[in-house]
Amino acid sequence: MSAQHSTAEKHPKALPYLFFTEMWERFGYYLMLGIFVLYMIDVEKGGLAIKDTVSYDIFGTFIAITYLTPFLGGFLADKSLGYIKSVYIGGTLMGLGYLGLGLPGLAHFGVPMDESLIMGSFWLSVFLIVVGNGFFKPSISTLLGNIYSTPEYKHKKDWGYNLFYMGINIGALLGPIFAAFMRNKYNWSASFATAGIGMFVGLIVFTIGLKHIRSGERQPAAQPNSDSLLEGLPGAEHKEDSSIKQVLGYVFLPAMIVGLIGWFLPAMILGEGRTFLDSKSTDAFLFATIPVVIFYISLWLRAREGEKRPIAALLAVFAVSVMFWAVFKQNGTALTNWGKYFTDREVPATIQPVARSLYQVEEMPTTPSMVAQYDEQFRAIKDDNGKVVKAEGLNIYFRNMPAEKIPTDGQPVYLTSTELYQSINPAWVVLLTPVIVAFFAWLRKRKKEPTTPSKIAIGLLISALSTLVMVGAVYASSNGAEKVSPWWLVGCYGVITLGELCLSPMGLSLVSKLSPPRFTALMMGGFFLSTSIGNKMSGVLASMWYNYENKANFFLVNCVLLLIATGLAFAILKWLNSVMREKNLS
């Protein structure tokens with residue numbers, strides 16, 4: 001074997017460092033995300049005692065904005081800061097945000113923490129995480145793509161993104177496990193602090209590998225006026241290339257104004273307290289995305305001749321990806337709800353001693369005889385000072401258990417912590433990624449490997465099938481009247497993970513392949529914009545959970561939405577593949 005061939009079979013030295021940096025960043029993010037809703041609705045162990053439907057709205061808005069800020073972060077990385085500096089800024093802000101969520105835990109050490117201070121630290125911390133992710137996420141993905149853009153590694157780009165994605169999901173797998181351990185052994189604050197520590201460990205790994213990572217940097221430099229992303233817009237003719245002032249003026253200022261309109265307009269049209277969708281925040285967010293979407297469309301309209309078709313192809317992929325994220329991100333809402341209330345979580349007696357010693361179980365010393373007083377939806381009723389005076393729905397776990405299995409009053413029941421179910425998806429990713437990579441490598445040798453757009457379309461179809469698994473779970477539970485095995489969730493996550501592995505890392509790879517080099521990170525921000533809109537729609541869909549008497553219909557609606565997206569993807573597949581051939585990348 002020649003030395004040249006041997007080198008071609010290897011991956012760049014930067015890959016493991018980017019792999020582990022992203023792994024630790026995702027460890028912190030998914031640790032926090034795994035307990036976010038549970039923390040908000042908790043009334044017994046120092047949580048925020050927020051109504052569950054409201055918490056779903058907050059969750060959807062949070063994950064939506066978290067993936068909207070990469071638009072600005074990617075732009076700044078492209079044009080001003082550079083990718084390496086953006087990773088450091090983003091990672092630091094996110095680490096501080098996670099630590100900030102743990103501040104209420106200082107009350108355990110005698111530090112006075114009233115309601116306003118707790119909520120203030122909560123929202124400030126959420127803000128830091130949102131902004132930090134905007135800098136971090138597009139920049140580290142772009143660094144990887146740039147490193148794989150050399151002739152030596154170009155043919156391995158899809159493979160590289162698959163391996164990188166596996167690193168993401170090792171972190172996502174470990175995060176909820178540590179979340180359960182820390183909150184059961186200590187408290188919520190200890191869990192959030194662990195997320196913050198994980199983020200800073202990731203930055204240390206990034207620093208150690210910096211000499212290899214620098215090859216992926218594209219130093220920002222002043223470009224001629226004709227190179228401006230905003231060329232053709234009024235007032236942009238004689239200004240420096242795409243200055244932050246221009247972007248704020250043409251994109252973010254209109255987004256804020258239109259967002260405010262979305263906040264107030266529904267009440268003006270429909271009446272006080274009414275909204276177009278499920279909440280004011282949803283209306284405001286979706287309105288605010290309109291100027292950003294228009295910006296990307298105008299980017300295509302004003303692009304150079306050789307850039308128009310690749311940008312149009314990316315925008316089309318972004319559009320069909322929205323529905324995938326709208327369904328996929330229900331792992332933190334509707335599927336968490338299913339795991340918490342409709343899944344048999346009782347730890348078998350034979351392994352209880354081990355599980356309890358590892359603090360991976362919840363002890364529920366509630367009074368089953370009170371079950372009849374509560375309905376399906378959790379509520380916390382507070383007095384004027386914000387103190388919880390009554391909590392309803394605490395005993396819902398016993399609602400759909402056979403009478404003979406309900407323990408006697410006062411007898412503790414040991415349950416698997418709900419957030420552990422959120423480790424199922426990343427566990428599948430870690431297990432299936434080598435299989436997927438090997439399968440496509442096998443097809444590649446036979447010259448039958450699907451193109452990157454084809455993989456995305458196939459991923460949407462497979463994801464649609466995952467919702468049918470949950471339809472089966474609903475019928476097995478007699479529409480929630482009985483608890484069902486956790487294997488239903490395992491199966492659902494397994495199917496949608498196959499779809500995810502065909503879509504998400506391939507989307508990142510496609511952006512890197514088709515984006516004009518002068519604004520790769522900006523287009524990476526566009527990919528995350530589609531994720532953002534999908535994430536918000538996931539909250540909208542999840543908030544409708546209680547509107548469906550037959551829960552199977554909830555999952556069937558999700559299936560139909562994904563099938564529509566699948567149909568659109570296959571309809572434009574021939575065109576997408578032609579664009580890829582033009583770039584000589586298929």
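- Taking 4.5 Å as the limit, every side-chain heavy atom of V87 sits out of range of all side-chain heavy atoms of F135.
- Side-chain atoms of D344 come within 3.5 Å of backbone N or O of E346 as a donor-acceptor pair.
- Residues Y98 and Y29 approach most closely at OH-CA, 3.1 Å, considering heavy atoms.
- Taking 4.5 Å as the limit, every side-chain heavy atom of L93 sits out of range of all side-chain heavy atoms of I129.
- For the pair K455 and F440, the cation sits on the ring face: its NZ or CZ lies under 6.0 Å from the ring centre, inside 45° of the axis.
- With hydrogens and angles disregarded, a donor-acceptor distance shorter than 3.5 Å links the side chain of K483 to the backbone of Y341.
- For the pair K137 and E22, the salt-bridge criterion is met [side-chain N within less than 4.0 Å of a carboxylate O].
- With S504 contributing its side chain and L501 its backbone, the two residues share no donor-acceptor pair below 3.5 Å.
- A pairwise comparison of heavy atoms in P138 and T142 identifies O-OG1, 2.6 Å as the closest pair.
- Side-chain contact between I140 and F164 is present, with at least one heavy-atom pair separated by less than 4.5 Å.
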Please tabulate, for the side chains in residues 198-209, all donor-acceptor contacts under 3.5 angstrom to protein atoms that are two or more places apart in sequence or on a different chain.
from	atom 1	to	atom 2	distance (Å)
T207	OG1	Y88	OH	2.7
T207	OG1	L203	O	2.9

* To do: Kindly indicate, with the supporting measurements, whether the criterion side-chain contact (heavy atoms from CB on, under 4.5 Å) is fulfilled by F62 and M32.
  => CA-CA 12 Å; F62 167 72; M32 174 264 188; 3.5 Å; yes
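- Atom CG in L143 sits 11.0 Å away from atom CZ in R214 (nearest 0.5 Å).
- Between the CD1 atom of I462 and the SG atom of C502 there is a distance of 4.5 Å, given to the nearest 0.5 Å.
- Within the model, atoms CD1 of I170 and OG1 of T433 stand 8.5 Å from one another, a figure rounded to the nearest 0.5 Å.
- No hydrogens or angles considered: nothing links the side chains of N558 and T467 as a donor-acceptor pair under 3.5 Å.
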- Applying side-chain contact (heavy atoms from CB on, under 4.5 Å), run through F318 and V511 and close with a yes or a no. CA-CA 10 Å; F318 296 167; V511 172; 3.8 Å; yes
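- For the atom pair CG (L510) and CE (M523), the distance works out to 10.0 Å, reported to the nearest 0.5 Å.
- Counting only heavy atoms from C-beta outward, the side chains of V131 and M94 never approach each other to under 4.5 Å.
- The backbone N or O of Q330 sits nowhere less than 3.5 Å from a side-chain atom of S538 that would complete a donor-acceptor pair.
- Scanning both residues, P426 and Q422, for their nearest heavy atoms gives CD-O, 3.2 Å.
- Ring geometry for F328 versus F324: interplanar angle under 30°, hence parallel rather than tilted (30 to 60°).
- Using modelled atom types, one side-chain atom of E217 and one backbone atom of Y83 make a donor-acceptor pair closer than 3.5 Å.
- Partners of T61 under the side chain to side chain donor-acceptor pair (under 3.5 Å) rule, at least two apart in sequence or in another chain, are S281, K536.
- Side-chain atoms of W325 and M537, non-hydrogen and from C-beta on, never get closer than 4.5 Å to each other.
- Of the possible donor and acceptor atoms, none in the side chain of S139 sits under 3.5 Å from a partner among the backbone N and O of F136.
- Checked by atom type and distance alone, the side chain of T69 pairs as donor or acceptor with a backbone atom of V130 at under 3.5 Å.
- Ring pair F27/F178 is perpendicular by interplanar angle, where above 60° counts as perpendicular and below 30° as parallel.
- A179 and S191 make their closest contact through O-OG, 3.0 Å (heavy atoms, listed as atom of the first residue, atom of the second, distance).
- A heavy-atom distance below 4.5 Å is found between the side chains of N331 and K329.
- Atom CD1 of I197 is separated from atom CG of L31 by 10.5 Å, given to the nearest 0.5 angstrom.
- The two residues Y493 and Y421 have their closest heavy-atom pair at CE1-O, 3.6 Å.
- Of all heavy-atom pairs spanning L128 and G97, the tightest one is CB-CA, 3.9 Å.
- Considering only residues two or more places apart in sequence or on other chains, E500 meets the salt bridge (Lys or Arg N to Asp or Glu O under 4.0 Å) condition with none of them.
- In this structure, Y296 contributes its side chain and G526 its backbone to a donor-acceptor pair below 3.5 Å.
- The closest side-chain heavy-atom distance from Y17 to H212 is below 4.5 Å.
- The closest donor-acceptor contact from the side chain of N169 to the backbone of V429 lies at 3.5 Å or more, if one exists at all.
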- Query: Taking it one step at a time, do T497 and L431 satisfy side-chain contact (heavy atoms from CB on, under 4.5 Å)?
  - Reply: CA-CA 10 Å; T497 299; L431 289 172; over 6 Å; no
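- Proximity of the aromatic rings of Y39 and F59 is defined here by a centroid distance below 6.0 angstrom, and this criterion is not met.
- Rounding to the nearest 0.5 Å places CD1 of I177 at 4.5 Å from CG of L173.
- Looking at heavy atoms from C-beta onward, W188 lies out of side-chain contact with L101 at the 4.5 angstrom threshold.
- Between the side chain of T343 and the backbone N or O of R345, no donor-acceptor pair lies under 3.5 Å.
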